[in-house]
Chemist: 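Once you've had a glance at the structure underneath, I'll fire off some questions.
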Amino acid sequence: MATDGFEETELTEPVRALRDAKAQVDVISNKTGQIQAFRHHDKSITVNVDRSLDQVQPNEYDAVLLPGGALNTDTLRAEPKVKSFLQQMQQAGKPFAVICHAPWLLISADLVKGRTLTSYYTIQDDIRNAGGHWIERDVIVDRNWVTSRQPDDIPVFNQEMLNLFAQMAPATSGSR
């Protein structure tokens with residue numbers, strides 16, 4: 001799930017890892033068409049949106065990947081449909097892979113209290129203020145969540161994401 005302003009490698013590299021593992025992946029956004037990636041502060045590529053938030057239901061998916069990018073996550077966290085989607089995914093116990101600034105989405109969806117996670121260092125106070133336990137580490141797995149800090153951590157993030165998603169995958173799945 002992403003929109004304009006996502007950090008390029010935080011979406012493209014995990015999606016590639018998932019597709020290499022034969023997962024079906026949809027890029028979901030608050031808009032249709034394409035979304036603009038950034039490499040830190042500079043525009044980079046665009047990515048095609050597969051489905052908009054208006055076209056999806058949480059029960060259609062087995063897991064969720066939330067890439068960072070401050071603009072991306074700050075925009076999505078204000079979307080009631082994003083909050084509802086994430087709350088329903090969490091209530092169903094589905095796995096989450098969340099990197100960089102994306103924990104802002106979990107904070108806005110009121111999901112962080114009592115959880116241990118990491119993120120980009122600039123949002124550690126937000127996590128703590130939301131009742132989460134923030135740790136400076138390249139990756140943290142807490143129950144159905146894997147969180148990571150930044151693009152440098154993507155190799156270990158991808159590995160832990162694939163492990164978690166495989167461990168929690170339904171035995172037979174017609175969803176994505």
Side-chain angles (χ1 to χ4, degrees), residues 1-30 34-40 42-53 56 58 60-77 82 85-86 89-90 92-107 109 111-112 115-121 123 127 135 137-170 173 175-176:
M1 184 176 295
T3 195
D4 293 323
F6 69 92
E7 185 67 31
E8 179 184 332
T9 58
E10 293 173 2
L11 176 69
T12 59
E13 291 186 30
V15 164
R16 181 174 326 140
L18 288 164
R19 289 183 174 149
D20 287 349
K22 308 297 184 223
Q24 181 180 344
V25 178
D26 286 339
V27 175
I28 300 169
S29 186
N30 61 337
Q34 296 186 322
I35 51 177
Q36 179 66 58
F38 278 71
R39 287 189 182 174
H40 199 49
D42 300 318
K43 286 183 178 180
S44 62
I45 65 170
T46 58
V47 170
N48 291 327
V49 171
D50 296 305
R51 299 176 79 194
S52 74
L53 284 165
V56 299
E60 298 176 90
Y61 294 92
D62 294 327
V64 64
L65 165 66
L66 300 173
L71 180 59
N72 164 59
T73 53
D74 197 42
T75 299
L76 288 179
R77 71 189 300 196
V82 170
F85 187 95
L86 297 176
M89 293 288 284
Q90 179 61 29
K94 295 184 180 181
F96 285 56
V98 185
I99 188 168
C100 200
H101 285 79
W104 267 345
L105 298 171
L106 304 176
I107 291 166
L111 300 175
V112 170
R115 300 302 296 254
T116 299
L117 61 157
T118 194
S119 67
Y120 195 65
Y121 74 96
I123 68 167
I127 290 168
I135 298 174
R137 195 176 303 152
D138 55 356
V139 68
I140 292 177
V141 178
D142 178 12
R143 294 171 281 189
N144 63 317
W145 293 2
V146 58
T147 57
S148 199
R149 301 174 303 183
Q150 59 201 13
D152 291 346
D153 300 329
I154 289 174
V156 68
F157 174 70
N158 283 350
Q159 186 59 55
E160 291 296 337
M161 172 188 66
L162 293 172
N163 290 342
L164 181 66
F165 285 12
Q167 172 189 350
M168 297 188 74
S173 175
S175 55
R176 299 166 186 203

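Note that this is a predicted model, so its numbers are computed, not measured. By convention here, the first residue in the shown sequence is residue 1.
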Chemist: Are the side chain of T118 and the backbone of T147 linked by a donor-acceptor contact shorter than 3.5 Å?
Modeler: no
Chemist: Are the side chains of L65 and V25 in touch, meaning some heavy atoms are under 4.5 Å apart?
Modeler: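 When only atoms from C-beta onward are counted, V25 and L65 do not touch, as no gap falls below 4.5 Å.
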Chemist: Going from CG on L18 to CD on Q24, what distance comes out if it is rounded to the nearest 0.5 angstrom?
Modeler: 11.5 Å
Chemist: Check side-chain hydrogen bond (donor to acceptor under 3.5 Å, both in side chains) between S119 and all other residues, then give those that pass, not counting sequence neighbours.
Modeler: W134
Chemist: Just jot down the side-chain contact (heavy atoms from CB on, under 4.5 Å) partners of T116, sequence neighbours excluded, or say none.
Modeler: H133, I135, I140, D142
Chemist: At their closest point, which heavy atom of C100 faces which heavy atom of I123, and how far apart are they?
Modeler: O-CD1, 3.7 Å
Chemist: Tell me, please, which residues at least two apart from F38 pass ring pair (Phe, Tyr, Trp, His ring centres under 6.0 Å).
Modeler: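 Once residues adjacent in sequence are excluded, F38 has no partner under the ring pair (Phe, Tyr, Trp, His ring centres under 6.0 Å) criterion.
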Chemist: Which atoms form the tightest heavy-atom contact between E160 and V141, and what is the distance?
Modeler: OE1-CG2, 3.6 Å
Chemist: Where the side chain of N72 meets the backbone of P67, is there a donor-acceptor pair that is under 3.5 Å apart?
Modeler: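 Answer holds: yes.
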Chemist: Which atom pair, heavy atoms only, marks the closest approach of L86 to F96?
Modeler: O-CZ, 3.5 Å
Chemist: Quick one: list whatever passes salt bridge (charged side-chain N to carboxylate O under 4.0 Å, His left out) with R39, sequence neighbours left out.
Modeler: E8
Chemist: Could you pull out all residues at least two apart from N48 that satisfy side-chain hydrogen bond (donor to acceptor under 3.5 Å, both in side chains)?
Modeler: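 Q34.
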Chemist: What's the separation between atom CD in Q36 and atom OG in S44, rounded to the nearest 0.5 Å?
Modeler: 6.0 Å
Chemist: For the side chain of S29 and the backbone of A2, is there at least one donor-acceptor N/O pair under 3.5 Å apart?
Modeler: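 At least one qualifying donor-acceptor pair exists.
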Chemist: Would V82 and L105 count as a side chain to side chain contact (heavy atoms under 4.5 Å, CB included) if you check the C-alpha gap in whole Å, the side-chain angles of each, and the deciding distance to 0.1 Å?
Modeler: CA-CA 8 Å; V82 170; L105 298 171; 4.2 Å; yes
Chemist: Specify the closest pair of heavy atoms between A21 and L162, including all atoms of both residues, with the distance to one decimal.
Modeler: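 That would be CB-CD2, 4.0 Å.
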Chemist: Excluding sequence neighbours, so at least two apart, what forms side-chain hydrogen bond (donor to acceptor under 3.5 Å, both in side chains) with D152?
Modeler: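 Residues passing side-chain hydrogen bond (donor to acceptor under 3.5 Å, both in side chains) with D152: none at all.
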Chemist: Are T75 and N30 side-chain neighbours, meaning at least one heavy-atom pair lies under 4.5 Å?
Modeler: yes
Chemist: Looking at residues at least two apart in the chain, or sitting in another chain, which of them share a side-chain contact (heavy atoms from CB on, under 4.5 Å) with P151?
Modeler: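 If we apply the side-chain contact (heavy atoms from CB on, under 4.5 Å) test to P151, skipping adjacent residues, the hits are E7, T9, E10, I154.
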Chemist: Do you know the tightest heavy-atom contact between R51 and D26?
Modeler: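 Answer, listing the atom of R51 first, then D26: CD-OD2, 3.3 Å.
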Chemist: M89 pairs by side-chain contact (heavy atoms from CB on, under 4.5 Å) with which of L111, V64, D62?
Modeler: V64
Chemist: Quick one: list whatever passes salt bridge (charged side-chain N to carboxylate O under 4.0 Å, His left out) with R149, sequence neighbours left out.
Modeler: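 Scan of R149 (salt bridge (charged side-chain N to carboxylate O under 4.0 Å, His left out), adjacent residues dropped) gives E136, D153.
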Chemist: Any chance you could measure M1, atom CE, to L53, atom CG, to the nearest 0.5 Å?
Modeler: 5.0 Å
Chemist: Check step by step if side chain to side chain contact (heavy atoms under 4.5 Å, CB included) holds for L117 and V98.
Modeler: CA-CA 9 Å; L117 61 157; V98 185; over 6 Å; no
Chemist: With sequence neighbours left out, write down each residue that passes side-chain contact (heavy atoms from CB on, under 4.5 Å) with V27, or none if nothing qualifies.
Modeler: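 Listed in chain order: I35, V47, D50.
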Chemist: By side-chain hydrogen bond (donor to acceptor under 3.5 Å, both in side chains), which residues pair with Q90, not counting sequence neighbours?
Modeler: N144, W145
Chemist: Apply side-chain contact (heavy atoms from CB on, under 4.5 Å) to A70 and list each qualifying residue two or more places apart in sequence or on a separate chain.
Modeler: H101, W104
Chemist: Do you know the tightest heavy-atom contact between A97 and M161?
Modeler: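 Closest heavy-atom pair between A97 and M161: CB-CG, 3.6 Å.
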Chemist: Return the CD1 to OH distance between I127 and Y120, rounded to the nearest 0.5 Å.
Modeler: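 I127 CD1 to Y120 OH: 13.5 Å, rounded to 0.5 Å.
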